[in-house]
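Quick note on labels: first sequence line is chain A, next is B, and so on, each numbered from 1. Every heavy atom of this structure was used, including side-chain atoms; hydrogens, water molecules and symmetry mates were not.
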Amino acid sequence: MSYTRGFFAGTVTTLFAVGVYQYAQSPKSIQHQYDQQVSDDVKEQIKRRILKYGVPNRGEEAKVFTNHVLSYDQSKKIPIWVAECITKEHAQGNANRKYSKFMPDSQILSLFSADNQDYLGSGWSRGHMAPAGNNKHDQRAMDDTFYLSNIVPQDMDNNSGFWNRFEMYCRHLTKRFDSVQIFSGPLVLPTETDEKGQKLVVYPVIGKNEVAVPTHLYKIILVETNGTPSAIGCFIVPNQPIENKYSLTEFQVSLEEIQRRIGVEFFPKLDGTRLQSLCSVDSCTLTRRQG
DNA sequence: CGGTGTAGTCAG
DNA sequence: CTGACTACACCG
């Protein structure tokens, strides 16, 4: 709990270094130099000898759906990141969630999959990462978002409150920008400290599949005008009720921080582009009610 | 009997 | 919009 307060206060002052990538240049060790001299052929031979029966695989390769793409964490049974690229047309139409239902994703081996029983009665809601409401243009696209590969255990108040308004804000951005690319996903961050001052990562797991309950959720929003990226906003939100008094900007962080915490480089082909802060070109205010 | 499916209600 | 929960029909 103390981390939450620290987070609320601390993120405001977080250095905002969007679009700037720094790669620490480690001193070249002897081993490193040797490694560089080994030809790819030799490396392949070594691999074939030591990994005779194949290279171990975490199954994080991108999985493609009608209107979203995701990478899945087979250990935590929740996504790592879920990507969308939406325009205002995507959020309009007659698709209705009453025709959709939550179900396991057959692309995920059952050994690594959550099921509805894990969530029911757990005290945690099934929270979309790619939201259903971004897919009103196509019932199948909306149905796809109900696969549990796109779902994380989310605090009920957070889901229907702050996070819901956050998602509405993302749809609102499609009225101002040609397209809006969004990465959403869960995070487990250290939230506690033991008596020795050692930081701890503590998160619940639910159901027989022990689906990980993230401590936080994140969104990365990249808006485009005339086909070129113009601004970016990154946010980390605690997975707990968020009072209305908090504004979106209080949860803003740098792209660097979010990439370091998740261990993912989100835009490997977005090189050197100077991007403005989303909240400097847009209000970043959430509306109280739907609209 | 337990599991599935749907429709309606309730709440943030 | 975001969800859970309940009652009831159906089925093997």
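- Rounded to whole Å, the distance from CG on N239(A) to C1' on dG3(C) is 14 Å.
- Look at CG on N135(A): it is 14 Å from C1' on dC1(C), rounded to the nearest Å.
- No contact: G161(A) has no heavy atom under 4.0 Å from any strand.
- Taking atom CG on L120(A) and atom P on dT6(C), their separation rounds to 11 Å, with Å as the unit.
- With rounding to whole Å, F166(A) atom CZ is found 15 Å from dT2(C) atom P.
- A close approach under 4.0 Å does not occur between any side-chain nitrogen or oxygen of R97(A) and OP1 or OP2 of dC1(C).
- Regarding M103(A), its CE atom lies at a distance of 11 Å from the C1' atom of dG5(B), rounded to whole Å.
- Taking the charged nitrogens against the carboxylate oxygens, D73(A) and R58(A) do have a contact shorter than 4.0 Å, which makes a salt bridge.
- The interatomic distance linking W124(A) (CH2) with dG3(C) (P) rounds to 15 Å, in whole Å.
- OP1 or OP2 of dG3(C) lies within a sub-4.0 Å distance of a side-chain N or O belonging to N159(A).
- Proximity of H128(A) to the phosphate of dG3(C): a side-chain N or O atom is located under 4.0 Å from OP1 or OP2.
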Return a table of donor-acceptor pairs under 3.5 angstrom between the side chains of residues 223-230 of chain A and protein atoms on other chains or two or more places apart.
from: E224(A); atom 1: OE1; to: S179(A); atom 2: OG; distance (Å): 2.9
from: T228(A); atom 1: OG1; to: T225(A); atom 2: O; distance (Å): 3.0
from: S230(A); atom 1: OG; to: V223(A); atom 2: O; distance (Å): 3.3

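- The CZ-C1' distance, from F102(A) to dT6(B), rounds to 16 Å in whole Å.
- Taken to the nearest 0.5 Å, the CG atom of L187(A) stands 8.0 Å off from the CZ atom of R261(A).
- When each of dG5(B), dA4(C), dC1(C) is scored by its nearest atom to the side-chain atoms of M168(A), the top-ranked nucleotide is dC1(C).
- With salt bridges taken as basic N to acidic carboxylate O contacts below 4.0 Å, none links R165(A) and E167(A).
- Close to dG8(B), at under 4.0 Å from its OP1 or OP2, lies no side-chain N or O of K98(A).
- Taking atom CG of residue D115(A) and atom P of nucleotide dG3(B), one finds them 12 Å apart after rounding to whole Å.
- Where G121(A) and M142(A) each meet DNA chain C at their nearest nucleotide, the meeting point lying more 5' is that of M142(A).
- In summary, the side chains of Q240(A) and N158(A) do not present any donor paired with an acceptor at a separation below 3.5 Å, with no hydrogens or angles considered.
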